[in-house]
There are 2 protein chains.
Amino acid sequence: MPKPEVDPTVSLELSVDRSSPVPLYFQLSQQLEAAIEHGALTPGSLLGNEIELAARLGLSRPTVRQAIQSLVDKGLLVRRRGVGTQVVHSQVKRPLELSSLYDDLEAAGQRPATKVLVNTVVAATAEVAAALNVAEGSDVHRVERLRLAHGEPMAYLCNFIPPGLLDLDTEQLEATGLYRMMRSAGITLHSARQTIGARAATAAEAERLAEPEGAPLLTMQRVTFDDTGRAVEYGTHTYRPSRYSFEFQLLVRP
Amino acid sequence: MPKPEVDPTVSLELSVDRSSPVPLYFQLSQQLEAAIEHGALTPGSLLGNEIELAARLGLSRPTVRQAIQSLVDKGLLVRRRGVGTQVVHSQVKRPLELSSLYDDLEAAGQRPATKVLVNTVVAATAEVAAALNVAEGSDVHRVERLRLAHGEPMAYLCNFIPPGLLDLDTEQLEATGLYRMMRSAGITLHSARQTIGARAATAAEAERLAEPEGAPLLTMQRVTFDDTGRAVEYGTHTYRPSRYSFEFQLLVRP
DNA sequence: GTAGTTCGATTGTCCGGACATATGCATTGA
DNA sequence: TCAATGCATATGTCCGGACAATCGAACTAC
């Protein structure tokens, strides 16, 4: 009688394509992630040890380790020395990416609509100049947008973008998100500094979001940097707290 | 005439101690991080190539790469194939850690005071039971705290903790943070699911935080998991937006 | 002068091995 | 019965090398 199977990866049909330009470790990590997502690898189950897994796939141990490590960084796996690697019990969804509101809503299954209120060039105020690291009074793009879901306003977004980075087409702004436009313009987003707070709505804000004056609003300010360190966007956003809140997963850095 | 120095790491006195139990790659990454923090490595400057750096330190290239990679993951360095590795221009501070409010305030130089309002055991409501994954009606700890800065209330924290995990000493709760107590109790924090929103203060909330009724409040709910997937804490917090906002740095995952 | 090409430099990927170290379990001993 | 010991196991760290892919700049050809 065969001994009971303890390594769930053996029945997983893992395989790598050496002729593909996709790195081997990436192929493996994708397959493992899909297996976790799909439920083939259940939470708490132990992966077989790295050496055997490498031998089975015809890979070296460093390559297998690199694949596993990327999933550990994502919070999907936990390694324990002397024990093994196991799938985390808790359901990890998104470890807080730098996503736009557009992407957020789209991921939530909603079909966000965007109305561009303003798309012009203005002189940078002291606040904007400091955030974008440009001279006060110099030209910057100013974009004001209203995000709607189910016909109701959800958020008012005001963004400032340095000149020359991007072709800010109004139609494109309404069809997709600002971040997506930046990425397709060849800008490599790197990091962002955010501040989330709350305050009472002013008369103008209340009007825009169809809320009573003085109603609580959720606010977010963000400066986004590309990988050369340039500030590529400064945004001041207000959200209707009854329609939107920030939800995300945090990972503890070991 | 000697050619101008282009590799800032040569004048950095990098060295590793092979007799130390601290991993070599970690020693190196710490020294590099300190040099960046200290200003010895200025933003935008290129690190020397990995091969030469490895040779200079008497390390292998994989070890040097591991050190550099950890700083890339922290957002301090950027690698460019064919070009080199350089220090990011933008000032990265904290890539959003799973920190407690206590730690947040302490890092900001403030000396937070804590007043424990309630420290008792209650029956889990449906909401708490769902968050902590325990049976409805079973015993859980309930801790209510008020955080003060400069004598003024800043936040009201209500936490639920499963029984048996922790010795919830009231004095210790006032002297340090809940997360610190968990860590020293041998609990390995892994991830947390958070929701940040806003709403108008109820009469009771307004009373606690010395705000008028209906004033906007910043709210945060959090479920924290340890590395075995257990929920170890569920918290519902309200903050005075005039005194506190969430500030953090986000990194784009490549 | 400009566009295309070549080439050096640097990181990206991958291999195969070696030893260290922590964990859990079985064995041994008091 | 219970605690200390030893052992198998798995990950953690580190090495030295090899080739591929990409970038930027110098060079060449038109």
Side-chain angles (χ1 to χ4, degrees), chain A residues 3 6-10 16-30 32 44-73 76-88 186 188 227-228 254, chain B residues 3 6-10 15-30 32 44-73 77-88 186 188 227-228 254:
Chain A
K3 72 173 180 182
V6 288
D7 179 357
T9 63
V10 300
V16 292
D17 175 11
R18 300 198 84 102
S19 68
S20 164
V22 178
L24 301 177
Y25 77 90
F26 193 75
Q27 293 184 37
L28 178 54
S29 72
Q30 274 190 320
L32 289 175
S45 63
L46 256 68
L47 260 58
N49 75 57
E50 299 168 349
I51 314 241
E52 193 221 347
L53 186 55
R56 188 140 44 82
L57 290 168
L59 297 174
S60 70
R61 191 184 163 212
T63 302
V64 172
R65 272 184 72 79
Q66 194 173 0
I68 292 177
Q69 186 59 46
S70 71
L71 297 181
V72 171
D73 291 339
L76 294 172
L77 298 177
V78 179
R79 316 177 95 134
R80 291 164 180 275
R81 182 187 286 204
V83 180
T85 305
Q86 59 184 162
V87 183
V88 294
T188 310
D227 60 356
T228 69
Chain B
K3 72 174 180 183
V6 289
D7 180 357
T9 62
V10 299
S15 64
V16 292
D17 175 12
R18 300 196 87 101
S19 66
S20 164
V22 178
L24 300 178
Y25 76 90
F26 193 74
Q27 293 183 36
L28 177 55
S29 72
Q30 274 190 319
L32 289 175
S45 63
L46 257 69
L47 259 58
N49 76 56
E50 299 168 347
I51 315 243
E52 193 221 347
L53 187 55
R56 188 139 44 83
L57 289 168
L59 298 173
S60 69
R61 189 181 164 214
T63 302
V64 172
R65 271 185 74 79
Q66 194 172 1
I68 292 177
Q69 187 60 46
S70 70
L71 297 182
V72 171
D73 291 340
L77 298 179
V78 180
R79 317 178 95 134
R80 291 166 179 275
R81 181 186 286 201
V83 179
T85 305
Q86 59 183 160
V87 183
V88 295
T188 310
D227 61 355
T228 69

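Each chain gets a letter, A, B and so on, in the order the sequences are listed, and its residues count up from 1.
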**Request:** Compare every heavy atom of B:Leu59 with every heavy atom of B:Leu28, then report the nearest pair and how far apart it is.
**Result:** CD2-CD1, 4.4 Å

**Message:** To check you understand the geometry: which heavy-atom pair defines the closest contact between A:Asp17 and A:Leu24, and what is its length?
**Reply:** O-CD2, 4.1 Å

**Message:** When you measure from the side-chain N and O atoms of A:Thr63 to the phosphate of C:dT13, is any distance below 4.0 Å, counting only OP1 and OP2?
**Reply:** no

**Request:** Rounded off to whole Å, could you give me the CG-to-P distance for the B:Leu77 and C:dT11 pair?
**Result:** 11 Å

**Item:** Rounded distance in Å - CG (A:Leu46) to C1' (C:dC25)
**Value:** 15 Å

**Fill in**
Whole-Å distance, A:Leu28 CG to C:dC14 C1', equals 13 Å

**Complete:** Between A:Ser60 and B:Pro21, the residue closer to the 5' end of DNA chain C by nearest nucleotide is A:Ser60

**Request:** If a protein heavy atom is under 4.0 Å from the base, mark B; if only from the sugar-phosphate, S; if neither, -; do that for nucleotides 5-13 of chain D going 5' to 3'.
**Result:** ----BBBBB

**Request:** Find the distance A:Phe26:CZ to C:dC14:C1' and express it as a whole number of Å.
**Result:** 17 Å

**Rounded distance (Å) that lies between atom P of D:dC15 and atom CG of B:Leu53** = 12 Å

**Message:** Looking at every heavy atom in both B:Val22 and B:Gln27, which two are closest together, and how far apart are they?
**Reply:** O-NE2, 2.9 Å

**Request:** Starting at atom CG of A:Leu59, determine the distance to atom C1' of C:dG17, rounded to an integer number of angstrom.
**Result:** 16 Å

**Request:** Could you pull out the closest heavy-atom pair between A:Ser70 and A:Ser29, with the gap in Å?
**Result:** OG-CB, 3.4 Å

**Closest non-hydrogen atom pair, A:Val78 against B:Asp227** = CG2-O, 3.8 Å

**Message:** Is there a side-chain contact between A:Arg18 and the phosphate of D:dA20, meaning an N or O under 4.0 Å from OP1 or OP2?
**Reply:** no

**Exercise: identify the closest heavy-atom pair between A:Leu47 and A:Leu77** = CD2-CD1, 4.2 Å

